[in-house]
Amino acid sequence: MVKKIDPCTLVLFGASGNLSRVKLMPGLFRLDAAGRLPEHMAILSVGRGEVTREAWQADIKKMLDTKFKDGYDKAVFDRFIARNYYHANPPSDADAFRKMKATLSNEQVFPQNLAYFLSVRPTDFAPIVEQLSGAGLLDESQYWRRVLIEKPFGTNLPSAQALQASITKHLKESQIYRIDHYLGKSALQNIMLTRFANTMFEPLWNNQYIDHVQITNNEILGVGDRTEFYNNTGALRDMVQSHLLQTLALVAMEKPQDLSPESIRAEKIKLLQAIRPLPIKDLAKHAFRAQYSAGRVCVGDGHGENVAGYLDELAKEGVSASVTETYAALKLFIDNPRWQGVPFYVRTAKRMHEGNTAISIRFKKAPMQLVEGQHQNWLTLNIQPRECIKMEIESKIPGLDIATRTLSIDAPQRQTGDESIDSYESLLLNLMEGDPSLYLHISEVEAQWRLIDPIVKAWAEDQSAVHQYPAGSRDPEQSGIIFESTDQFWRYSIELGGDKH
Ligand code: BG6
C-alpha cells in the first residue's frame with residue numbers, strides 16, 4: 001500500500017560525506033524514479049564548505065553516475081536535480097542556523113514539513129538539535145518536524161542516556177527517528193512475516209523444539225580506512241549492540257498484537273529486556289573475541305588477495321597495541337518461558353572466508369532415531385547476499401535399504417522482476433511518511449547497551465594478547481568454547497548442516 005506523503009523538505013546534514021554519496025542521494029533518486037517522492041519535496045544539503053547550488057548539483061550528478069553505471073532516465077534526473085539545494089553551515093559561523101532558517105522560510109521552494117537527517121559525527125547530534133531548536137526549526141505547531149539520528153546512539157548506556165536527555169529537551173519521542181539500517185533490509189522484515197504468516201513455523205518456535213539459534217554476520221572486508229573509529233569501537237559495539245541484537249529481537253519476540261509501530265516495538269523491547277546479562281566472572285565461556293592477522297581473502301570473481309592483519313593496519317597509523325576485537329561471538333539466553341534454556345549464539349567478524357548474514361536455527365533431535373547418523377533439522381533465514389529460506393530435512397535414500405540423507409529445500413525470497421530496495425531507501429521513505437516502526441525506541445537502545453557495556457568493559461580491562469585468526473579463514477576453533485554442548489558447531493552459508501566443520 002502506497003502511503004501518502006505530505007509535501008516536505010529533507011534537510012541533509014553531512015551531505016558530502018560517504019553515506020550520503022553512496023546511499024542517501026542515490027536512494028532518494030531511486031525513490032523519485034519510482035514515483036514515491038511527493039511532487040512538492042525539496043532536498044536541502046547542508047555542509048561545512050561554501051559550494052554554489054550549481055556545483056552541488058554537478059557533484060550529485062557524479063554520485064549518481066558512480067552508482068548507476070548503466071545510466072538513468074534523463075527526465076527523472078531533471079526532476080530530481082531540480083529538488084536539490086545547498087546551504088553552507090560553517091561551524092565558525094554563530095549565525096549559521098539563523099541563516100538556515102531564513103533560507104528555509106522561502107515557502108515557495110521549501111515545503112515547511114521538515115525532516116532532518118543527521119549523517120554527522122555522533123558528537124554533533126546534540127549540538128545540532130539544540131541549534132535547530134534555538135532557531136525555532138523544531139517547532140511543530142503548524143508543520144511536522146522530525147530528526148533522524150544515525151548510528152551510534154551513544155557509545156555506552158550513560159552516553160546514550162545523556163544524548164537522550166539533551167535531545168528530549170527539544171524534541172518529543174515521536175519526532176525522533178533512531179536508525180538501525182538493518183531494519184530497512186527486506187530480508188530482515190521477512191523474519192516477522194515468515195514466523196507469523198505461516199502456520200507451520202510458530203508452533204515449533206520455542207524451547208520444546210529448538211536446540212539453538214545462530215545469528216551470524218560475516219564479512220570479507222576488513223576495517224578499511226576506518227581504523228581509528230573501529231579501534232575505539234570494536235565488533236561488539238559496531239555490529240552486535242545494534243544490528244545483531246535487533247535481528248535477535250525479531251527472531252525471538254512474541255507475536256505483536258498488530259503491525260502498528262507501538263505493538264512491534266513493545267514486543268522487541270520486552271524481548272531485549274529479557275536477555276540474561278552475561279556472567280562476567282565466567283565470561284570466557286559466554287563470549288569470545290579475536291583479531292584477524294595477515295591472510296588471503298576472496299575478492300569478487302573467486303580470486304584471492306593477500307591482506308594485512310588488523311594490528312599491522314593499526315601500526316601503520318602509529319597505534320602500537322590494541323585489544324579491540326574484529327571477531328566477537330556471544331552466547332545469550334533469554335529468560336522467558338518460550339526460550340528458557342535455548343542458547344542464541346550471536347557472532348560477527350571482519351575478514352572471514354565469506355560474507356554472509358544469516359539466522360540458522362537447529363531443531364532438537366527427532367523423538368525417534370530411526371537410523372544411525374540421522375541429522376537434526378536446520379532452518380536458515382539468509383539475509384544477505386542471498387535472501388532465501390532454506391530448510392534441511394531428513395529423507396530416505398531411494399533403494400533397498402533404510403538410510404537417510406539430508407535434503408535442502410532452498411527458496412529464494414527474491415524472484416526475477418522483484419524490486420531491489422536498499423535499506424536506506426525504505427527508511428528514508430518511512431521518515432517522510434512518519435512511520436517509526438523500523439526505527440528504534442530509546443528503551444531498545446538502552447536495553448542493548450545495558451547488555452553490551454559490561455562485556456566491553458571486561459574485555460577492555462583484559463589487556464592480554466587477543467587471539468588471532470588468519471584473514472580469509474573460518475571461525476577460530478577456540479571460539480567453540482562458548483558452545484553449550486559438544487555437538488554444536490558454527491554454521492556457514494553453503495554447507496548442509498550434517499557436515500560438521
Ligand atoms: C555498519 C558497521 O553499521 O554496518 C560496519 O559500522 C558494517 O562495520 C556494516 O560493515 C554492515 O552493514 P551491511 O549492510 O553491509 O551488512
Side-chain angles (χ1 to χ4, degrees), residues 14 17-24 26-27 67 117-122 125 148-155 160 177-191 215-248 250 289-292 297 299-300 307 310 313-314 322 324-329 346-359 381-388 413-414 420-428 438-440 444-445 448-449 452 456 471 493:
N18 199 45
L19 181 72
S20 159
R21 308 188 84 82
V22 177
K23 299 275 188 185
L24 306 182
K67 186 80 175 188
F117 193 125
L118 308 194
S119 174
V120 293
R121 284 180 312 196
F125 295 152
L148 182 150
I149 302 209
E150 251 301 327
K151 166 181 171 273
F153 196 92
T155 52
Y177 286 67
R178 300 173 197 84
I179 202 168
D180 181 322
H181 81 273
Y182 263 48
L183 295 178
K185 292 184 191 279
S186 99
L188 223 76
Q189 293 158 18
N190 190 35
I191 297 172
I215 296 175
T216 307
N217 165 267
N218 282 337
E219 297 178 26
I220 294 177
L221 290 176
V223 299
D225 54 12
R226 297 197 303 164
T227 38
E228 192 190 336
F229 158 80
Y230 200 86
N231 203 38
N232 291 327
T233 306
L236 204 52
R237 281 197 275 201
D238 185 39
M239 285 298 300
V240 179
Q241 186 274 343
S242 49
H243 310 322
L244 298 191
L245 287 181
Q246 279 294 315
T247 309
L248 169 67
L250 291 169
R289 66 171 161 172
Q291 295 170 331
Y292 61 81
V297 293
V299 283
V307 294
Y310 178 61
E313 290 175 322
L314 287 179
S322 167
T324 300
E325 72 290 352
T326 61
Y327 175 104
V346 175
R347 81 198 208 266
T348 183
K350 302 246 179 238
R351 288 280 188 236
M352 292 296 274
H353 72 291
E354 66 171 1
N356 199 62
T357 304
I359 299 137
L381 308 179
N382 217 75
I383 307 294
Q384 59 188 25
R386 267 189 78 214
E387 298 162 270
C388 68
Q413 189 195 336
R414 181 164 298 283
S420 140
I421 295 170
D422 184 78
S423 47
Y424 276 98
E425 268 169 69
S426 58
L427 292 168
L428 277 164
L438 298 179
Y439 286 87
L440 306 185
E444 296 174 76
V445 177
Q448 291 169 185
W449 282 126
I452 294 300
V456 172
S493 65

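Keep in mind it's a predicted model, so treat the numbers as computed, not measured. Every number for a ligand or one of its atoms is a count from 1 in the order of the listing. Quick note: residue numbers are just sequence positions, from 1.
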In the protein, which heavy atom is nearest to atom 11 (C) of ligand 1, and how far is it?
E219 OE2, 3.8 Å

Donor-acceptor pair, R351 side chain versus V297 backbone, under 3.5 Å?
no

Test your reading of the model: is there a side-chain donor-acceptor pair from Q189 to the backbone of L183, 3.5 Å cut-off?
yes

Close approach, D238 and ligand 1, non-hydrogen under 4.0 angstrom
yes

E313 side-chain N/O to T227 backbone N/O, donor-acceptor pair under 3.5 Å
no

Using a plain distance cutoff, I'd like to know if K151 has any nitrogen or oxygen under 3.5 Å from a nitrogen or oxygen of ligand 1.
yes

For ligand 1, does Y182 get within less than 4.0 Å through its side chain, its backbone, both, or neither, judged by non-hydrogen atoms?
side chain

Give a yes or no on whether the backbone of S322 and the side-chain of Q291 come within a donor-acceptor separation of less than 3.5 Å.
yes

If we ignore hydrogens and angles and just use 3.5 Å, is the side chain of E150 paired with the main-chain N or O of S119 as donor and acceptor?
no

Exam field: side chain K151 to backbone I179, donor-acceptor pair closer than 3.5 Å:
no

Any idea which atoms of ligand 1 are less than 4.0 Å away from a heavy-atom of K350?
5 (C), 7 (C), 8 (O), 10 (O)

Identify, by atom number and element, the atoms of ligand 1 in contact range of R226, meaning under 4.0 Å from any of its heavy atoms.
2 (C), 5 (C), 6 (O), 8 (O)

For K185, atoms of ligand 1 separated by under 4.0 Å from a heavy atom
13 (P), 14 (O), 16 (O)

If the cut-off is 4.0 Å to any non-hydrogen atom of M239, which atoms of ligand 1 fall inside it?
4 (O), 7 (C)

Close N or O approach (H243, ligand 1; < 3.5 Å)
yes

Hey, which atoms in ligand 1 end up nearer than 4.0 Å to a heavy atom of Q384?
13 (P), 16 (O)

The single option from I359, V240, I383, L381 that satisfies side-chain contact (heavy atoms from CB on, under 4.5 Å) with I215 is I359

Looking only at distances, can you tell me whether any N or O atom of H181, backbone or side chain, sits closer than 3.5 Å to an N or O atom of ligand 1?
yes

Test your reading of the model: is there a side-chain donor-acceptor pair from R414 to the backbone of E387, 3.5 Å cut-off?
no

